[in-house]
Protein chains: 2
Amino acid sequence: MPATIRDVARASGVHISTVSRTFSAPHLVNPETRVRVLACAEELGYRPNRAARALITGRTHNIGLIIADIANPFFPPLIKAAEGQARHRDYHVFVADTNEDPAAEEELVHALAKQVDGVLLCSPRMSNALIEQVSREVPVVVINRQVTGLPCVMMDVGQGARAAIEHLLGLGHRQLALLGGPRGSWTNQQMRRAAGAAARSGGAELTVLGPNPPTETGGSALATQVRDSGVTAVLAYNDLMAIGLIEGLDHLGIRVPQDVSVVGVDDIALSRLTRPKLTTVATPTAAAGRTAVDMLLQHDSELRPRGGGRAAAVGDRRTTAQVMLQTELVIRDSTGPLPGRSRPGSVPDGPGPHRLADPGSPTVTTGGVVAS
Amino acid sequence: MPATIRDVARASGVHISTVSRTFSAPHLVNPETRVRVLACAEELGYRPNRAARALITGRTHNIGLIIADIANPFFPPLIKAAEGQARHRDYHVFVADTNEDPAAEEELVHALAKQVDGVLLCSPRMSNALIEQVSREVPVVVINRQVTGLPCVMMDVGQGARAAIEHLLGLGHRQLALLGGPRGSWTNQQMRRAAGAAARSGGAELTVLGPNPPTETGGSALATQVRDSGVTAVLAYNDLMAIGLIEGLDHLGIRVPQDVSVVGVDDIALSRLTRPKLTTVATPTAAAGRTAVDMLLQHDSELRPRGGGRAAAVGDRRTTAQVMLQTELVIRDSTGPLPGRSRPGSVPDGPGPHRLADPGSPTVTTGGVVAS
DNA sequence: GTGAAAGCGCTAACAA
DNA sequence: TTGTTAGCGCTTTCAC
């Protein structure tokens, strides 16, 4: 049903290549011819077939965005930011959800590979080896993970975890727990390492519970374990788990922050809506989305070589940047002093959240050189 | 860099057509040849180029899912369900976000059109005329809207709104408000009509406020208007707005449900986490996603005719089903009796939510015949 | 069971 | 400025 370039050529009495030029290099065609062709195209409802075009140019003007779980409110802001940035550069974003499943992840990335000019791998759960293999098939930017030799956009959750632990230490807590996230999560490793170190140097004990599904349910399921462990403060892998935990504790009659303090990570919109409002490590998700798109499209024209060639391997790129984005601790109402120390009743709704780091996102860039 | 069919043919010493068959019609090729080809393909990391394949077969095995706002928690369950169902049928789903922008919507659907076998238009904001035009270019299933002549999956928010209003009437409320959603929303119309009728026949007054952005902010911005209007109960376009409104009222010192009752729509996960827990009209979003995929893929083999032909126009399909999915009112803690009537202090956490309709989702199907 | 050849819709040299 | 030609990677007749 859809009109092809040939239909338009026939209708406007020119050769198909002229029609082609009208769309892909308008300045090379006589204005009069152009309007005629355009008119016919309009009338026939002709639209260039992007897939066919891609077959030749090697450029689809699409980018793929692979997400572990669309239902996790952490991701939508990142998706939106990536889409906005891509749109500016005349690209479309196709989002695919892997359901936290490494196998689905691999399959989807392969399915997408040929239909996009590059892929953003967001919080990948697959192995580094697999990621490297994939990157040989299609240009990749990794988000929320460090893979040597590949462009990466990371958020400094290590620093965030440290700040959170220090905040809890400052409130007098010495028995701490960390609710781990999913297996294979880089963020998880970073948090664990940093939180462990911070607790140790503060003379506190840190119990690690996990791995767990990074969801509200994952958090609430841990409530009894948290109670039985005797800790007075908890750092959760993300806000969803923190909120779930608070719910779970509530059912057990344990109050937050009076009995137990809870800190999340991500600062999702929801964390401001729950009671108590959640103390959390804010991650610059929108900035991450934008940055990743920029990095992917940086070498725009080099992504694929001109005629006859093949897609450029990532190794062809001369430099591979790795960017670390700052996080910041946002103190709200889910953390309070160690029980039995000072008791001002409840935490005041106060002068608003304190932000320990600069707002905005001053980023630290580490340039690296890749052997070619 | 990626290996092509020719590389594999060369490596395994057969003609490219044999390689092609090995992948698309394995039974037509000698087992021994097959294993040899497969081995070479494996070694070279060959994967058939889906775009090139699509050019011939007319089938991409992708479906597009166009969403008004990925950040709206209403959509993720629908997306997930659609993806799951698609995966069963060996299809991939590409999600695109339009930011509630009709123009972006149109552009995206066209960008997707040629790269997918069909498009799910979810809560479209564009005009019916445009939708019909789009449906001439690519098979379409519309979700959350009724367009005559096109397959549609709807949720009976009219019935839901009626149930909500009747619930409020039963609690003694007579001054009601409806917080309208975005302009161009079909759901919005349905709710307005049904809520208006229900209020009228109950002898109540219904003030309509809107249109508004269907977000938390959109809801909280209406708090003063709600206060000044003197209503005692509110039905919001969706849960997000309801939650925002509750926050906004809270800032004004107005308590829910003691001073004002609030009902949402959608039953997003969040509505169980806020305090008070939200009374809301549950919509069967997952079922909608599954159903839409089924309807799109129903005529699977007819979607595009075999060799030489063009994509089948929607009109070619013999029947166009329109499905209406049931909704149900879930009563939680954000609704209570008219102030100054009975005062049991606060609403009991009670015996859990009451569900007024059957759970599950018995669906009403309306079959229609389309002129061809 | 396999090869040869045509062609999907389009772009990119090269001529004219 | 326009037409001609070749071909992107693949599938699909049709012979053999």
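Convention: sequence-line order gives letters A, B, ...; per-chain numbering from 1. Just so you know, these numbers come straight off a predicted model, no measurement behind them.
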Which of [range] sit near DNA chain C, with a heavy atom under 4.0 Å from it?
range: residues 46-55 of chain B; answer: B:Leu55
range: residues 9-30 of chain B; answer: B:Val14, B:His15, B:Ser17, B:Thr18, B:Arg21, B:Leu28, B:Val29, B:Asn30
range: residues 31-43 of chain B; answer: B:Thr33

Is there a side-chain contact between [X] and [Y] in this structure, where contact means two heavy atoms from C-beta onward sitting under 4.5 Å apart?
X: B:Ile79; Y: B:Val93; result: no
X: A:Pro124; Y: A:Trp186; result: no
X: B:Phe23; Y: B:Leu38; result: yes

Would B:Gln115 and A:Asn62 count as having a side-chain donor-acceptor pair, cut-off 3.5 Å?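 Short answer, yes.
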Keeping to residues at least two apart or across chains, list the side chain to side chain donor-acceptor pair (under 3.5 Å) pairs with something in residues 33-51 of chain A.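 Every side chain to side chain donor-acceptor pair (under 3.5 Å) pair that includes a residue of residues 33-51 of chain A, provided the two are not neighbours, is A:Arg47-B:His110.
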Tell me the side chain to side chain donor-acceptor pair (under 3.5 Å) pairs involving residues 97-106 of chain A, sequence neighbours left out?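 Qualifying pairs: A:Asp97-B:Lys80, A:Asn99-B:Lys80, A:Glu100-A:Arg125.
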In whole angstrom, give me the gap between the P atoms of D:dT5 and C:dA6.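 Comparing P positions in D:dT5 and C:dA6 gives a spacing of 15 Å.
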Take N1-N3 plus N6-O4 or O6-N4 for Watson-Crick, N1-O2 plus O6-N3 for G-U, both under 3.5 Å. Which runs of 3 or more such pairs involve DNA chain D?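 Counting only runs of 3 or more consecutive pairs, the stems involving DNA chain D are C:1-11 with D:6-16, C:13-16 with D:1-4.
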Steps toward side chain to side chain contact (heavy atoms under 4.5 Å, CB included) verdict (B:Val8, B:Ser12): CA-CA 6 Å; B:Val8 179; B:Ser12 48; 4.2 Å; yes
Using whole Å, what does the distance between atom C1' of nucleotide D:dT11 and atom CZ of B:Arg6 come to?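 B:Arg6 atom CZ is separated from D:dT11 atom C1' by 12 Å.
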